[in-house]
Amino acid sequence: MLRMSKLFLKTLRDDPADAEVASHRLLVRAGYIRRAAPGGFSWLPLGWEVFRNVEKMVRDEMNKAGFQEVHFPALLPREPYDTTGRWTEYGDNLFRLQDRKGADFLLAPTHEEMFTLMVKDIAGSYRDLPVHLYQIQTKYRDEARPRAGLIRTREFVMKDSYSFDLNDAGLDESYAAHRASYIKLFDRMGLPFVIVSAMSGAMGGSKSEEFLAPMDIGEDTYIRCTSCDYAANVEAITTPAPDEITLDGLPAAVVHDTPGTPTIETLVDFVNANESMRHPDRDWTTADTLKNLVVNLKHPDGTIEPLAIGIPGDRDVDMKRLEAVVSPAEAEPFSAEDFAKHPSLAKGYIGPGALGSDNASGIRYLVDPRIVSGTSWITGADSSGNHVINLTAGRDFTPDGVIEAAEILKGDTCPACGSEVEIARGIEIGHIFQLGRKYAEALDLWVQGEDGKPATPTMGSYGVGVSRCLAAVAEATCDEIGLCWPREIAPADVHVVMAGKEGGPQRVAAEQLAADLEARGLRVLFDDRVKVSPGVRFKDAELLGVPTIAVAGRGVDADVPTIEVKDRQSGERSDVALADVVDHLVSVCTA
RNA sequence: CGGGGUGUAGCGCAGCUUGGUAGCGCGCCACGUUCGGGACGUGGAGGCCGGGAGUUCAAAUCUCCCCACCCCGACCA
């Protein structure tokens, strides 16, 4: 039994000034956590209780799925991470440090290397596979900007699992097993979630999905359909191509003088205001224009390749989508010097006429999927101050291919059902990933196959942010007045409130009730504080968020004494006869 | 890393423009009253005003430089 008279707890009446999001604000106010470092939190008794409940739930689901728990140090030597290249590749987000002898160490941001080495150490034969291991461990990432309380910290607890299979079919099974156990886990947490594809296009093959808890304060943007259940990461969504248009009878392309129109907006205004350029039936819009821009692709081997991208003028290039498509290359903006090297490119007036491997610049030219044969565009005429109207794809120009780099806008077409998508935000609570053989190969993990020859296992990795899930649950379940935990996560089943005069019958009833409930196996938080007014007790009970509140108050004085039982979430109250209340509460709490 | 904001008692804030012995609310301690929705009275304790340097007879207040935190963006297996 947790007695509030003894509990190391202080609730705050006012919101802490540095907390913006509800989960952060309430967890601090309710005395669950305190900020201790940039991106680091200390846990107070109630918070730690809740944390362990979440952790227990994660562990339980992992064990149920047949995965085995192991544990690694968080403080690791450099060497294995050097072998896989991640000592450097991980970049600024890796906490690096040295021991007294000057040897390099790191605080692990994730443990692929260690799991791989452990399997290498133990498993020797294909008969030892598949292997499914997990750990629950504190992870360290030197985040540029920790934010939103427990949502994004530099030290956090993560459950990470790894699967080792002999072949792709096995990996698929392992992946599916983890996916299924995550669905059970997040359902059990009472957390609404969507699974979005996070497949990175150009890398090919490696399958990846994110579990997102949809909420406005989330930092991951994803796309969801307004009518079907399609959901995808912005990087993974594909743009449906419209039908091609027959070229017969389309108006010819005409070059016009369009002085002083370096931007899409000035261009549209200009052509609409000019009689000779007006659209016969309507105003031109920015969606009628074809915007061409050039970037430099920096390939991992150091080579630089210019790439031209054509997209409808009503949208911008989404750098995240572009990077995902060109990965592992990186995209950088075209500089003034780059333009100087390509005199055929008229900055602000770049058109398909100069682009593509067959034209003046020789620059590879990829266009948005909407730009299909027969679509006509207003676009640059490759000399300063000139644009061309009705330049038609498939007739006047032929791009080298298509590229998914345009930003996704609300109202875009759903690739699954054809209705409209919307843009939503979510918290990434889980991520499952088919790694393949990258780590096994780098660390020389192999087992003897059935045929006696060495075989390299293929791996999957699967993560759940434990501390982040706690915050997500708090965020999803709380209301204006406080936290509101699902029973399994809550620090107690029943919050017993003594609401009468100290030394009166309420005291006696509350003490007895708390003891009886505990004897029946319920977890009890008992507000037995003296010299605390009833108002404070009620407010604190609501703030702390235990799902069921039992008040020994006025009802105790009645001819047939009663206890008020209140459901924290719904706010419903009922008076239950003192004689029946223990049974009643046991059934409520074990339902 | 760019833009914006904030640092004054445990928490939330005022004071700064116009320099002159540091204030309010909550919380805390003592006593009394009260006891079903963050009660009341009386009396207390508690602060190197983020740090450093400067200007001045005098700096929370003016100047310069740091640092920390929050928000937006960039970044983020």
Side-chain angles (χ1 to χ4, degrees), chain A residues 9-21 24-25 28-29 31 34-40 81 84-86 89-94 108-113 115 139 141-149 151-154 156 158 160 162 198 200 203 206 208-210 217 219-221 235 319-320 323-324 327-328 330 333 428 430-436 438-439 459-463 465 481-482 497-507 527 529-543 549 551-557 562-564 566 571 573 575:
Chain A
L9 170 75
K10 175 91 65 169
T11 58
L12 302 177
R13 187 189 291 246
D14 297 314
D15 285 333
D18 60 355
E20 193 77 8
V21 303
H24 184 196
R25 205 175 55 216
V28 172
R29 260 192 72 199
R34 283 290 131 93
R35 197 194 81 91
Y81 285 77
T84 57
R86 293 167 91 202
E89 269 174 25
Y90 216 96
D92 290 338
N93 264 23
L94 187 65
T110 170
H111 279 79
E112 279 80 2
E113 284 82 353
F115 276 87
K139 307 286 186 179
R141 294 182 193 176
D142 188 358
E143 296 287 352
R145 183 156 86 87
R147 56 180 294 270
I151 306 281
R152 179 162 222 92
T153 52
R154 301 212 281 186
F156 58 96
M158 178 171 167
D160 50 331
Y162 302 83
S200 55
M203 292 287 275
S206 63
S208 170
E209 289 168 296
E210 288 174 1
I217 61 132
E219 40 186 4
D220 284 53
T221 304
E235 284 107 84
M319 287 309 285
K320 275 190 179 166
E323 297 258 2
S327 173
E330 289 173 25
E428 182 185 348
H431 197 164
I432 54 179
F433 204 94
Q434 293 197 350
L435 286 177
K438 173 182 170 184
Y439 292 93
M459 293 170 57
S461 87
Y462 318 91
I481 55 176
V497 174
M498 196 280 286
K501 258 186 193 171
E502 179 57 29
Q506 281 78 15
R507 178 82 200 188
D527 190 349
R529 294 174 294 180
V530 298
K531 291 194 172 177
V532 173
S533 73
V536 172
R537 296 177 196 275
F538 294 136
K539 292 289 186 196
D540 275 348
E542 281 149 356
L543 177 60
I549 299 165
V551 183
R554 286 188 193 123
V556 172
D557 294 325
T562 59
I563 296 291
E564 179 182 294
K566 180 175 170 183
R573 323 172 176 197
D575 290 320

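Naming convention: chains lettered A, B, ... in sequence-line order (proteins, then strands); numbering from 1 in each chain.
- Taking 4.0 angstrom as the limit, A/R147 places a side-chain polar atom (N or O) nearer than this to OP1 or OP2 of B/rC72.
- Closest to the side chain of A/T110, from the set B/rG37, B/rA77, B/rA74, is B/rA77.
- The existence of a salt bridge linking A/R86 and A/E112 is confirmed by a sub-4.0 Å separation between a basic side-chain nitrogen and an acidic carboxylate oxygen.
- Base pairing annotation: B/rC35 forms no Watson-Crick or G-U wobble pair, as no partner gives both donor-acceptor distances under 3.5 Å.
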Subject >> Contact letters for nucleotides 26-36 of chain B, in which S counts primed atoms plus P, OP1 and OP2 and B counts the base, heavy atoms under 4.0 Å >> reply: SSS------BB
Could you list the protein-to-nucleotides 65-67 of chain B atom pairs, N/O on both sides, closer than 3.5 Å?
none

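- With hydrogens and angles disregarded, no donor-acceptor distance shorter than 3.5 Å links the side chain of A/R35 to the backbone of A/V28.
- If you measure from atom CG of A/D527 to atom C1' of B/rG37, you get 13 Å, rounded to the nearest angstrom.
- Atom name P, nucleotides B/rG25 and B/rU6: the rounded distance is 25 Å, in whole Å.
- We find that CG of A/D142 is positioned 11 Å from C1' of B/rC76, with the value rounded to whole Å.
- Spacing between B/rG5 and B/rG44 at atom P, rounded to whole Å, works out to 42 Å.
- Residue contacts shown for A/A17 are limited to sugar-phosphate atoms, with no base heavy atom under 4.0 Å away.
- Nucleic acid contact for A/A148: sugar-phosphate only, since backbone atoms but no base atoms lie under 4.0 Å from a heavy atom of the residue.
- Expressed to the nearest 0.5 Å, how far CD1 of A/I549 lies from CZ of A/R573 amounts to 9.0 Å.
- Across all strands shown, A/R34 has no heavy atoms under 4.0 Å from either base or sugar-phosphate atoms.
- Both distances falling under 3.5 Å, in either a Watson-Crick or a G-U wobble arrangement, place B/rC64 opposite B/rG52.
- A/Q506 places a side-chain N or O within donor-acceptor distance of the main-chain N or O of A/G553, the cut-off being under 3.5 Å.
- Comparing B/rC70, B/rA77, B/rA39 by their nearest atom to the side chain of A/V536 picks out B/rA39.
- No donor-acceptor distance shorter than 3.5 angstrom exists from the side chain of A/R154 to the backbone of A/D142, with no hydrogens or angles considered.
- Between A/D220 atom CG and B/rC75 atom C1' there is a gap of 13 Å when expressed in whole angstrom units.
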Original post:
Reading nucleotides 2-7 of chain B from the 5' end, what letters show protein touch, with B for base, S for backbone sugar-phosphate only, - for no heavy atom under 4.0 Å?
Top reply: ------
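- Spacing between atom CD of A/E20 and atom C1' of B/rC69 amounts to 13 Å, rounded to whole angstrom units.
- Looking at heavy-atom distances under 4.0 Å, A/E542 makes contact with a base.
- When both pairing distances are held under 3.5 Å, B/rC69 makes a Watson-Crick or G-U pair with B/rG5.
- Across all strands shown, A/D540 has heavy atoms under 4.0 Å from base atoms, whether or not it also approaches the sugar-phosphate.
- Rounded to the nearest Å, the gap between the C1' atom of B/rG32 and that of B/rC69 is 43 Å.
- In this structure, the side chain of A/R29 does not engage the main chain of A/G31 through any donor-acceptor pair within 3.5 Å.
- A donor-acceptor pair under 3.5 Å is absent between the side-chain atoms of A/R147 and the main chain of A/R152, judged by distance alone.
- Judged purely by atom type and a 3.5 angstrom limit, A/Y162 uses its side chain to pair as donor or acceptor with the backbone of A/H111.
- Taking atom C1' in both B/rU55 and B/rC1, one finds a spacing of 34 Å when rounded to whole Å.
- If you check B/rG12 for Watson-Crick or wobble pairing at under 3.5 angstrom, you find it paired to B/rC24.
- Among the protein residues, A/M158 comes within range of the nucleic acid bases, having at least one heavy atom under 4.0 Å from a base atom.
- Nearest nucleotide to the A/P38 side chain, out of B/rA68, B/rG12, B/rA77: B/rA68.
- Between A/E502 and A/K531, no side-chain nitrogen of the basic residue sits less than 4.0 Å from a carboxylate oxygen of the acidic one, so the salt-bridge criterion is not met.
- Here the side chains of A/V551 and A/F538 are in contact, with some heavy-atom distance below 4.5 Å.
- Spacing of P atoms, B/rC24 relative to B/rU33, comes out at 28 Å, to the nearest Å.
- No engagement by A/P109 is indicated, since no non-hydrogen atom pair under 4.0 Å with the nucleic acid exists.
- Base pairing of B/rG46 is not made with any nucleotide, judged by Watson-Crick or G-U wobble geometry with both donor-acceptor distances under 3.5 Å.
- Nearer the 5' end of RNA chain B, as judged by each residue's closest nucleotide, is the contact made by A/L12, out of A/L12 and A/G149.
- For the C1' atoms, the distance from B/rA59 to B/rA53 is 13 Å, rounded to whole Å.
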Original post:
Yes or no on side-chain contact (heavy atoms from CB on, under 4.5 Å) for A/D160 and A/F115, after CA distance, side-chain angles and deciding distance?
Top reply: CA-CA 10 Å; A/D160 50 331; A/F115 276 87; 4.1 Å; yes
**OP:** Applying side-chain contact (heavy atoms from CB on, under 4.5 Å), run through A/T11 and A/K539 and close with a yes or a no.
**Re:** CA-CA 10 Å; A/T11 58; A/K539 292 289 186 196; over 6 Å; no
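- Looking only at side-chain heavy atoms (C-beta outward), A/E219 and A/E428 stay at 4.5 Å or farther from each other.
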